[in-house]
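Below, each value reflects all heavy atoms present in this structure, side chains not excepted, and no hydrogens, waters or symmetry copies.
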Amino acid sequence: MRTLWRTLRTAAWLGWQIESNWTDPFLFTIYSIAKPIASVLILILMYIVVARADFGHPMFAYLYLGNAFYIYVGAVLTGISQVLIIDREEYGVLKYFYIAPIPPEAYLVGRGMARMATGTIAVAITLLFGVLAFGLPLRPSVAGAGVFLLAMVLGMLAMIGLGVGLAGATLLAARHVWVIGEAVAGALYLFCGAVFPLEVLPSFLRPLGYGLPLTYWLESVRRALLGPSAFRFSTFAGWSDAQLLGALGGMALLSLILGFGFYRFAEGRARQHGAIDRETGY
Amino acid sequence: MSREAVVLFLRTMIARAYPRIVGQNREPSWVLVDVGLPLLGTSAYVFIYRALQAPEAYIGFVILGGAMTAFWLNVLWSMSAQLYWEKESGNLPLFIIAPGPMMGILAGMALGGMLATTLRASVIVLAGSLLFGVRYAPADPLALIGTFLLTLLALYGLGMLLASLFLIWGREAWHLSNLLQEPIYLLSGFYFPVRALGFWVGALASLIPLTLGLDAMRQLLFPQAASGLFPVGVEIAGLAALSGIFLLAAHRALNAMERLARREGRLTERRR
């Protein structure tokens, strides 16, 4: 357990250094703010040209919160899945990490935690911007805080499972390894009801949304932060908070089992094929 | 410029364009990554407009914007950052000691990138239009083609200018390319009419060729629905001016940055 904790802590510290020490703190702050704010402003301007700046409509809060919290998905999936590629292709140290007496998955998750930290900064800034500039109607409550914390823990576990699984896929892939995390995050954005309700999707695509833990995570977070004013589309209108969290918990567990299982399998294959220290130069 | 110099420039340009065009035919997996993934992202924006019950022309705006993201990403990652990648992979000193001019290499990168990306963008437009039933009403096809070509010329001119600046950067290059994605999507109005930014912000954003190019193409493709930032004629003139300015600035900046990089010994450094 001590080794696990030490690996997590050291990997998180290393990840943070890599994420942040390429520039001075001022530019890093601009970098951390500009991307999420620009991303959310695109949605706001799309909303303005159609809805004529009616920021009081519940659809606005739905869209804004979904987009803000989705920052975590990109950060965690890309963060964890790219660790192996960065270490292998850029720094050439992956083989050393494999011969070190540490659990590989803990190292991956630890490195991903650095992206989680930068993601948290971006989410906080985006939410603050929403409240100050557009009057985003956040209604935190004691009951909501419990739902929020539980949803965040389960959601993060689900994302860690997905990220570790993707890390396994990048270990085996020879091409396009840099975009795997972003690609999957981009695809999930379409299917998990982040910025529009699942009913908008064609009926044959909706089951994909129901099969994703992120769908339940985002709905739980919205309900926890918006309180009774949360706009309930028919997708989950009949679901209680407990049912949502139950579904999220089950899917998070499944995601962890499948993600870590696939990583073990991929790692075995990579060892057999000599891919651990392969530099594709791609 | 002597005849030999022109021939050398053209040969250098074609030689650098060649791997970009041939490479994509040898590796068909680009269809999944460069067409499938942007189409997924673009589809998300289409569904947002559907959820907001926006007029159907906005779906066409998004498809066009989604296709043009391919060009911006190509300019950012395969033009602006390319000399940085070449430095990382050890090719940059070889480019410099070869007799071909560096501007020829940049022009070849631009030509190859333009042709390869045009194919990708066309597939995105075609697939997106078929999937979402977009109807175009081109008022003036010749002006449309001219605007598109001028947009590419100005855009790749900007890419050549940025490439020379990226030459002296190290690890920042990757992060700066990353940083220039969403803010440019916002300022150039990739997914909404740029007029929504307000006249003065839109006018300032017109320094990015895609702002004027997208706005003009939307006005030409959806004359009933698109209300542009400027009249099409003004935007075409603006694009022509930007093309000249960026190409000239790229030439000067490349010379200056190459000198600076040589003096400071940055042409072969790998700073990770």
If I take atom CD1 from residue A/I42 and atom OH from residue B/Y45, how far apart are they, to the nearest 0.5 angstrom?
5.0 Å
Could you state the interatomic distance from OH (B/Y191) to CG (A/L45), rounded to the nearest 0.5 Å?
14.0 Å
Crowding at CZ, B/F199 (>12 non-hydrogen neighbours, <6.0 Å):
yes
Quick one: are B/S43 and A/F191 in side-chain contact, heavy atoms under 4.5 Å?
no
Here the pair of heavy atoms bringing A/P197 nearest to B/A51 is CD-CB, 4.3 Å
Counting only heavy atoms closer than 4.5 Å, note whether B/L37 contacts chain A via side chain, backbone, both or neither.
side chain
Are there more than 12 heavy atoms of other residues, nucleotides or ligands under 6.0 Å from atom OH of A/Y96?
no
Top contributor to chain B contacts, counting heavy-atom pairs under 4.5 Å, from A/P36, A/A183, A/A194, A/A187
A/A183
Tell me, with the steps shown, if A/V49 and B/Y58 meet side-chain contact (heavy atoms from CB on, under 4.5 Å).
CA-CA 10 Å; A/V49 294; B/Y58 283 71; 3.6 Å; yes
From A/L198 CG over to B/F47 CZ, what is the distance, rounded to the nearest 0.5 angstrom?
11.0 Å
Is A/I37 in contact with chain B via its backbone, its side chain, both, or neither, using a 4.5 Å heavy-atom distance?
neither
Given B/I48, B/V46, B/L52, the one that forms side chain to side chain contact (heavy atoms under 4.5 Å, CB included) with A/F196
B/I48
Inter-chain contacts: residues 67-74 of chain A against chain B, heavy atoms under 4.5 Å
none
Output the option from B/L187, B/L40, B/L186 having the highest count of non-hydrogen pairs under 4.5 Å with chain A.
B/L186
For B/F190, is it the side chain, the backbone, both, or neither that has a heavy atom closer than 4.5 Å to a heavy atom of chain A?
neither
Residue from B/P38, B/A54, B/G41 scoring the most non-hydrogen pairs under 4.5 Å with chain A is B/A54
